[in-house]
Structures are given as C-alpha cells and as structure tokens.
Chemist: 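Below is one structure. I have some questions about it.
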Amino acid sequence: MARSAVLNVMVQTAIKAGRSLARDFGEVQNLQVSLKGPGDYVSQADHRAEKIIHTELLRARPDYSFLMEEAGAIEGTDSQHRWIIDPLDGTTNFLHGIPMFAVSIALERQGQIVAGVIYNPSTDELYTAERGGGAFLNDRRLRVAARTKLVDTVIGTGVPNIGRGHHGQYLVELRNVMAEVSGIRRMGAASLDLAFVAAGRQDGYWEDALQPWDMAAGILLVREAGGFVSDKDGGQNMFDTKNIVVGNEHIHGALLKTLKKPV
Ligand code: 2AM
Ligand code: CA
C-alpha cells in the first residue's frame with residue numbers, strides 16, 4: 001500500500017497526537033479516584049492534542065484552511081483545501097477511563113473528502129483512506145461486511161444524552177431497529193463506529209447530533225471500504241443535518257427504511 005505524501009503527513013500527525021493522548025490517559029485513570037475528578041485534565045489533554053495537530057499540519061501545508069473541534073474554523077489563503085479535525089473523539093470515554101477514543105483527521109478538497117486518518121492509541125489501530133485508493137487498517141485492506149439481512153447484523157449507534165439530540169425520536173428509531181437486528185452496540189466515539197463499519201466489525205451504524213469533525217474521516221473510510229453513506233433522508237448533507245446512516249448497500253437501505261417506520 002503506497003501512501004501519498006499528504007496521507008503520510010496525516011498519519012505521522014495522528015500518531016504524534018495519539019501518543020500525547022495516551023500519556024494523558026494514564027493520568028486520567030489515576031484521577032478517577034480523586035475528589036476533583038479528571039475534568040480539567042481531560043480538557044487540557046484535548047487542547048494539547050489539537051495544538052500538536054495544528055502545528056504539524058500547518059508546517060506541512062501552510063496555506064490550508066482548518067476546521068477543528070476546539071479552535072473552530074481558521075481560514076487559510078488556500079480555501080480549496082480544508083483539514084477537518086477531531087483531536088479527541090470519544091471524550092466521555094476518555095474522561096471515564098474507558099480506552100475507546102481516537103484522533104480523527106480528514107482532508108477536504110473543493111468540498112470533497114479526499115483523505116482520512118483515524119488513530120486509536122489504546123489499541124494502536126490506524127485507519128487510513130484516500131479517495132479512490134481504498135481503506136486500510138494498519139496495512140490490511142478493508143471491506144464492509146457482506147451480510148444482506150438486518151436479522152443477521154450488529155448495528156452501532158449513538159444514544160443521545162442530557163442536553164443533546166432528539167430523545168423522543170431516538171427512542172422510536174431504537175425501537176424500530178432493535179426489533180429487527182441481532183445486536184446493537186454503543187461505542188461512544190463516532191469516528192471508531194464508522195471505522196468499525198469499514199472494517200466489517202459492525203454491519204451498520206446510525207447517529208444524530210454529530211459534528212463534521214466526528215464524521216469526516218470515517219465517511220471516507222466507509223465509502224472506500226465499499227459501504228454506503230447518507231443522512232437519514234438518503235441525501236449527502238450529513239454535515240448540515242448532523243445525522244448519518246452507513247452500511248453495505250443492502251443494510252444501508254434497510255436501515256433507512258426501518259429508522260423511519262411509523263410508531
Ligand atoms: P466527542 O467525543 O468528540 O464529543 C458519541 O455519541 C459521539 O458523539 C462522539 O463521537 C462524540 O464526539 C459525539 N458528539 C458530538 N457532539 C457531542 C456532544 N455535545 N456531547 C457528546 N458527544 C458529542
Ligand atoms: Ca468528536
């Protein structure tokens with residue numbers, strides 16, 4: 001697998017930020033038992049990782065624009081290229097000492113995602129994809145699972161929480177899906193949910209109330225692994241609608257239908 005120069009930069013950057021997160025995660029685990037808790041520390045870890053990513057990518061491509069979870073949008077002189085970055089996806093997991101979090105970096109060219117990297121430092125799993133070049137887990141080529149019937153599938157999702165998402169609507173969706181599948185999983189890190197679909201570990205996934213940086217790299221991974229990606233209306237406006245549904249052609253279609261079944 002030959003990686004392009006820009007993908008190499010993204011990989012090196014994600015690993016560097018991931019190492020920083022992994023060091024901080026050790027301390028977070030210690031802080032669980034302290035009265036103050038690890039809250040402030042986690043926010044510092046998040047910012048440290050984002051700083052590393054910003055510095056590295058700015059050095060490699062000084063003109064590109066940025067969209068980052070913490071710093072927001074930074075316009076470069078090159079508005080055709082934009083990095084979309086989540087320095088710490090799965091923040092709640094990280095905060096609670098659950099080793100399921102990742103760095104997610106995507107590159108958009110003229111509004112199209114052309115490269116994506118997701119790195120989970122706890123498992124040392126590196127997911128990469130380039131448009132037209134396939135999706136990989138470390139050096140292994142990825143393919144979405146081939147199951148065609150919902151009854152055989154494990155489906156990932158994200159459950160809304162206090163202050164986030166549409167709780168009533170979600171309960172309808174969950175009721176519809178759980179009645180038809182062999183298992184539901186809730187991982188707490190959208191980037192890894194999408195990577196798991198690309199890797200064929202879960203057959204599909206849906207979630208609402210997501211931000212572009214939660215999804216950008218994962219969208220490309222799923223597509224390059226042969227999967228289908230859309231919002232709940234079947235359109236390609238995931239960044240605007242903030243929701244996403246993925247799976248192979250059959251499971252994606254079945255999920256879209258099942259999610260919308262009337263009560
Ligand atoms: P985060 O960990 O970077 O916040 C969990 O269901 C998924 O939703 C995670 O990928 C999480 O990303 C994302 N998410 C987006 N907005 C969120 C919010 N306000 N609160 C919790 N999770 C959020
Ligand atoms: Ca996120």
Side-chain angles (χ1 to χ4, degrees), residues 10 13-14 17-18 20-22 24-25 28 38-54 66-73 83-106 108 113 116-123 125 127 155-167 169-171 173-174 177 184-198 201-202 204-222 229 231-232 238-246 259:
M10 294 165 72
T13 301
S20 169
L21 287 177
D24 287 333
F25 187 63
V28 164
D40 289 348
Y41 196 86
V42 168
S43 146
Q44 283 167 27
D46 194 359
H47 283 93
R48 254 195 293 276
E50 187 168 288
K51 184 90 197 301
I52 289 169
I53 298 168
H54 186 218
F66 284 82
L67 177 64
M68 296 182 280
E69 173 157 28
E70 304 306 330
W83 301 111
I84 304 179
I85 296 158
D86 195 341
L88 171 54
D89 186 39
T91 316
T92 305
N93 285 341
F94 191 91
L95 178 72
H96 287 260
I98 299 169
M100 195 75 80
F101 55 89
V103 178
S104 175
I105 302 175
E108 220 182 42
I113 307 161
V117 171
I118 295 168
Y119 180 57
N120 177 352
S122 301
T123 57
E125 287 182 313
Y127 300 87
I155 303 296
T157 185
V159 183
N161 53 280
I162 182 166
R164 169 171 177 248
H166 311 285
H167 294 200
Q169 187 193 323
Y170 181 76
L171 286 172
E173 293 173 1
L174 181 62
V177 175
I184 300 244
R185 296 292 179 270
R186 196 278 190 263
M187 190 145 53
S191 61
L192 292 176
D193 270 301
L194 291 164
F196 271 38
V197 172
R201 292 173 175 177
Q202 51 190 15
Y205 161 71
W206 92 98
E207 184 159 355
D208 210 335
L210 291 176
Q211 299 292 339
W213 46 81
D214 301 317
M215 311 184 246
I219 287 171
L220 185 65
L221 265 157
V222 171
V229 180
D231 56 36
K232 281 194 283 191
M238 292 81 71
F239 289 180
D240 298 321
T241 62
K242 301 194 181 300
N243 60 68
I244 189 166
V245 182
V246 304
L259 286 167

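For ligands, and for the atoms within them, numbers begin at 1 and follow the listed sequence. These figures come from a predicted structure and were not determined experimentally.
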Chemist: Who's the nearest protein heavy-atom neighbour of atom 15 (C) of ligand 1, and how far?
Modeler: Asp214 OD2, 3.3 Å

Chemist: Counting the benzene-type ring for Trp, do Phe25 and Phe101 have ring centres under 6.0 Å apart?
Modeler: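 Judged by ring-centre distance (under 6.0 Å), Phe25 and Phe101 do meet the cut-off.
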
Chemist: Counting backbone and side-chain atoms alike, does Glu69 have an N/O/S atom under 3.0 Å from the Ca ion (ligand 2)?
Modeler: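 For Glu69, the answer is no, given that no N, O or S atom comes within less than 3.0 Å of the Ca ion (ligand 2).
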
Chemist: For Ala190, is at least one N or O under 3.5 Å away from an N or O on ligand 1?
Modeler: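 Yes, at least one N or O pair falls under 3.5 Å.
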
Chemist: Within the 4.5 Å heavy-atom criterion, are Tyr205 and Val229 side-chain neighbours or not?
Modeler: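 No, side chains not in contact.
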
Chemist: Find all atoms of ligand 1 within a distance of less than 4.0 Å from any non-hydrogen atom belonging to Leu210, and give their numbers and elements.
Modeler: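 Atoms satisfying the 4.0 Å criterion: 8 (O), 13 (C).
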
Chemist: Is there a donor-acceptor pair under 3.5 Å between the side chain of Glu108 and the backbone N or O of Ile84?
Modeler: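 No; zero donor-acceptor contacts below 3.5 Å.
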
Chemist: Apply side chain to side chain contact (heavy atoms under 4.5 Å, CB included) to the pair Asp46 and Leu88, showing each step before the final yes or no.
Modeler: CA-CA 6 Å; Asp46 194 359; Leu88 171 54; 3.6 Å; yes

Chemist: Which of the numbered atoms in ligand 1 are below 4.0 angstrom from a heavy atom of Glu207?
Modeler: 5 (C), 6 (O), 7 (C), 8 (O)

Chemist: Under 4.0 Å from any heavy atom of Gly188, which atoms of ligand 1 are there?
Modeler: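 Those of ligand 1 that fall under 4.0 Å from Gly188 are 5 (C), 9 (C).
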
Chemist: Taking Lys232's backbone N and O only, do any of them form a donor-acceptor pair with Asn243's side chain (distance below 3.5 Å, no angle check)?
Modeler: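 Confirmed, Asn243 side chain pairs with Lys232 backbone.
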
Chemist: Which atoms from ligand 1 have a heavy atom of Arg186 less than 4.0 Å away?
Modeler: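 Under 4.0 Å from Arg186, ligand 1 has these atoms: 5 (C), 6 (O).
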
Chemist: Looking only at distances, can you tell me whether any N or O atom of Ala189, backbone or side chain, sits closer than 3.5 Å to an N or O atom of ligand 1?
Modeler: no

Chemist: Going by distance only, is there an N or O of Val159 that falls short of 3.5 Å from an N or O of ligand 1?
Modeler: no

Chemist: Could you check if a side-chain atom of Leu95 sits within less than 4.5 angstrom of a side-chain atom of Val28, using non-hydrogen atoms only?
Modeler: no

Chemist: Tell me which one of Thr91, Asp86, Asp46, Thr157 gets a heavy atom nearest to atom 4 (O) of ligand 1.
Modeler: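 It is Thr91 whose heavy atom sits nearest to atom 4 (O) of ligand 1.
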
Chemist: Taking Arg186 for its side chain and Val159 for its backbone only, find out whether a donor-acceptor pair lies under 3.5 Å.
Modeler: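 Between the backbone of Val159 and the side chain of Arg186 there is a qualifying donor-acceptor contact (under 3.5 Å).
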
Chemist: Out of Met215, Arg164, Gln211, Glu69, indicate the one that has the non-hydrogen atom closest to atom 23 (C) of ligand 1.
Modeler: Arg164

Chemist: Quick one: does any side-chain atom of His54 pair with a main-chain N or O of Ala49 as donor and acceptor, under 3.5 Å?
Modeler: no

Chemist: Can an N or O of Asp89 be found at a distance shorter than 3.5 Å from an N or O of ligand 1?
Modeler: yes

Chemist: List every atom of ligand 1 that sits less than 4.0 Å from any heavy atom of Leu88, numbering the atoms from 1 in the order shown and giving each element.
Modeler: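 Close to Leu88: 3 (O).
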
Chemist: To the nearest 0.5 Å, how far apart are CG in Asp89 and OG in Ser104?
Modeler: 6.5 Å

